[in-house]
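First comes the structure, then the notes that go with it.
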Amino acid sequence: ALQYIFTKFPSTLRRLEILTLKSFETKRITFPAKPFKFIYIKHLRLELTFFNLRKRETDILDLACILEATPFMEKLEFHMWIKCDDHLRYRKAHGELRTLPPCPHYHLKVVDITGFYGQKDQLELVLRILRNSV
């Protein structure tokens with residue numbers, strides 16, 4: 001579903017202003033290197049369920065490319081449901097926190113995140129949002 005928004009949506013919904021995406025992800029997502037820019041999206045709502053009974057294979061930091069694809073976004077809602085056994089909060093033993101090149105969000109005013117457990121990739125994405133919010 002997440003890959004679909006970068007391949008099929010751009011040609012059919014160019015002036016999309018509000019996008020609500022509900023998805024169940026079980027594997028790591030490969031996004032295009034240069035994602036399409038949704039310049040009209042003002043409100044992005046992601047409802048994502050990451051599901052794996054033993055160890056989660058997905059990487060929430062991969063979703064940073066969705067933020068880069070919505071440069072004029074004013075409101076971000078990010079609701080996560082993680083169903084797996086490894087609900088470990090980040091500790092230094094898990095390795096250094098990753099960072100990505102800056103991508104300022106000059107228009108972002110409201111961010112609502114639920115389902116935050118403090119896992120490493122969740123923390124990395126939240127830090128990215130905070131660091132890039134003007």
Within the side chain of [X], is there an N or O that forms a donor-acceptor pair under 3.5 Å with the backbone of [Y]?
X      : Y      : result
Gln122 : Gly115 : yes
Arg15  : Ile41  : no
Arg89  : Tyr117 : yes

(message) Filter on salt bridge (charged side-chain N to carboxylate O under 4.0 Å, His left out), then keep only pairs touching residues 96-107, sequence neighbours left out; what's left?
(response) Asp59-Arg98, Arg98-Glu124
(request) Check ring-ring contact (aromatic ring centres under 6.0 Å, His included) between His107 and all other residues, then give those that pass, not counting sequence neighbours. (result) Phe72
(request) Can you sort out the partners of Thr20 under side chain to side chain donor-acceptor pair (under 3.5 Å), two or more places apart, ordered by chain and number? (result) none
If you measure from [atom1] on [X] to [atom2] on [Y], what distance do you get to the nearest 0.5 Å?
X      : Y     : atom1 : atom2 : answer
Leu108 : Met73 : CG    : CE    : 5.0 Å
Asp121 : Asp62 : CG    : CG    : 8.5 Å
Leu125 : Phe78 : CG    : CZ    : 5.5 Å
Gln119 : Met80 : CD    : CE    : 9.0 Å

(message) Checking side-chain polar atoms at under 3.5 Å, does Ser133 have a donor or acceptor matched by the opposite partner on His105?
(response) no
(request) Please check if any side-chain donor atom of Glu77 sits under 3.5 Å from a side-chain acceptor atom of His43, or the reverse. (result) yes
(request) Measure across Phe38 and Pro71 and return the closest heavy-atom pair with its distance rounded to 0.1 Å. (result) O-CD, 4.1 Å
(message) Tell me the closest heavy-atom pair linking Pro101 and Arg128, and the distance in Å.
(response) O-NH1, 2.9 Å
(message) My understanding is that a hydrophobic cluster links ILVMFWY residues whose side chain heavy atoms are under 4.5 Å apart, including indirect links. Using that, what else belongs to the cluster containing Ile18?
(response) none
(message) Test of understanding: with side-chain contact (heavy atoms from CB on, under 4.5 Å), list the residues that count as partners of Leu127, not counting sequence neighbours.
(response) Leu97, Leu123, Arg131
(request) Could you list the residues that satisfy side-chain contact (heavy atoms from CB on, under 4.5 Å) with Val110, not counting sequence neighbours? (result) Lys75
(message) Evaluate Tyr40 against Lys42 for side chain to side chain contact (heavy atoms under 4.5 Å, CB included), listing each step before the verdict.
(response) CA-CA 6 Å; Tyr40 293 101; Lys42 303 289 187 228; 5.9 Å; no
(message) So, using salt bridge (Lys or Arg N to Asp or Glu O under 4.0 Å) as the criterion, who are the partners of Glu74 when residues are at least two apart?
(response) none
(message) Taking side chain to side chain contact (heavy atoms under 4.5 Å, CB included) as the criterion, tell me which of Leu76, Leu46, Asn132, Leu100 meets it with Leu67.
(response) Leu76
(message) Quick one, Leu63 and Leu48 - any side-chain contact, counting heavy atoms below 4.5 Å?
(response) yes
(message) Starting from Ile129, can I reach Tyr106 by hopping between I/L/V/M/F/W/Y residues whose side chains sit under 4.5 Å apart?
(response) no
(message) Assess whether a salt bridge exists between Glu47 and Arg45, defined as any Lys/Arg side-chain N lying under 4.0 Å from an Asp/Glu carboxylate O.
(response) yes
